[in-house]
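Below: the structure, in C-alpha cells.
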Amino acid sequence: MTTVEPALRVLIPAERIQARIRELGAQIDRDYPGGPVWLIAILKGACFFLADLSRAMKSSTRIDFIGISSYGKGKTTSGEVKLTKDLDSSIEGADVLVVEDIVDTGVTLNYLMHVLEQRKPRSLRIVALLDKPSRRIRPVDVAYVGFQIPDEFVVGYGLDYAENYRNLSDICVLEEGAKP
Ligand code: IMP
C-alpha cells in the first residue's frame, strides 16, 4: 500500500501565531480595561484561538459558543447560513467580541452580526485571526485582525478541510490535490 503525504506548506508558524495573539490580547485589554468582555467563539474552528486569546488577556473574560452552518461543501460557502447552536447566556448590555478563525467571503459574520445586534449588547465587535480581504462579497467590519493572508485555502490552528488538520500548531496552505 502506498501512502501519499498531504501537501502542506507552512504559511504562519506557531511562534508567529502566538506572538501576534499576545499583541492582540494586549490591544484588547487597553480597549476594554478591566472587562468583563464576552468572548463568543464560532464553532468549531475558533476554539483554539479563543483559548489562546483569552489567556493572553488580563481583563476579565466570559466565554460562550455559537454554531453556524453554511450550506455548501468543500472549500466554499454557498451563501446561505443558519444558527445551529445558540449562546447559553444573554448578551444584553454586555461588551461582546465575536472570535472567528478566518473571514473569507464575509457571509457568516455578516449574518451573525445581524443576529447578535438584535440582542442589544452594549458593544459588539469582531476579532479574527485571519482575513482574506480579496474574497469578500458581504461587508464585515473586523475590529482586530491577526494576519491578512492571500486567497489560498489554509488549515491548522482550528481550521479544517473535511474535519482534518485542526490540531496542527502552524497555519498551513493545503496545496491543490492534497487529500487527508
Ligand atoms: P465566510 O462566511 O466565507 O467568511 O467563511 C467563513 C468560514 O469559512 C470560516 O469560519 C471557515 O470555517 C471557512 N473557511 C474560509 N476560508 C477557509 C480556509 O482557507 N480554510 C478553512 N476554512 C475556511
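No experiment lies behind these values; they were computed from the predicted model shown. Counting starts at 1 for both ligands and their atoms, following the listed order. Throughout, numbering of the chain's residues begins at 1 and tracks the sequence.
- Under a 4.0 Å criterion applied to the non-hydrogen atoms of E152, ligand 1 contributes the atoms 19 (O).
- At a 4.0 Å cut-off, not a single heavy atom of R135 sits close enough to ligand 1 to count as contact.
- With a 4.5 Å cut-off on side-chain heavy atoms, L53 and I28 count as touching.
- Each of the following atoms of ligand 1 lies closer than 4.0 Å to a heavy atom of D160: 21 (C).
- Not counting sequence neighbours, the partners of R20 by the side chain to side chain donor-acceptor pair (under 3.5 Å) test are E23.
- Ligand 1 has no N or O atom lying under 3.5 Å from any N or O atom of L109, backbone or side chain.
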Show me the donor-acceptor pairs within less than 3.5 Å that the side chains of residues 141-155 make with the rest of the protein, sequence neighbours left out.
from, atom 1, to, atom 2, distance (Å)
Y144, OH, D31, OD2, 2.6
Y144, OH, R125, NH1, 2.9
E152, OE2, R9, NH2, 2.9

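- The distance from ligand 1 to the heavy atoms of T108 drops below 4.0 Å at these ligand atoms: 1 (P), 2 (O), 5 (O), 6 (C).
- For ligand 1, the atoms lying closer than 4.0 Å to a non-hydrogen atom of E100 are 10 (O).
- Note on K58 versus D29: no salt bridge recorded, every NZ/NE/NH1/NH2 to OD/OE distance being 4.0 Å or above.
- Here is the list of ligand 1 atoms found below 4.0 Å of a heavy atom in G106: 1 (P), 3 (O), 4 (O).
- Using modelled atom types and a 3.5 Å distance limit, the side chains of N167 and Y157 yield no donor-acceptor pair.
- Close to ligand 1: V154, with a non-hydrogen atom less than 4.0 angstrom away.
- Listed by number with element, the atoms of ligand 1 under 4.0 angstrom from any heavy atom of L159 are 21 (C), 22 (N).
- L159 places none of its side-chain heavy atoms less than 4.5 Å from the side chain of Y165.
- Grouping the Ile, Leu, Val, Met, Phe, Trp and Tyr side chains by contacts below 4.5 angstrom, directly or via other members, places I42 with V96.
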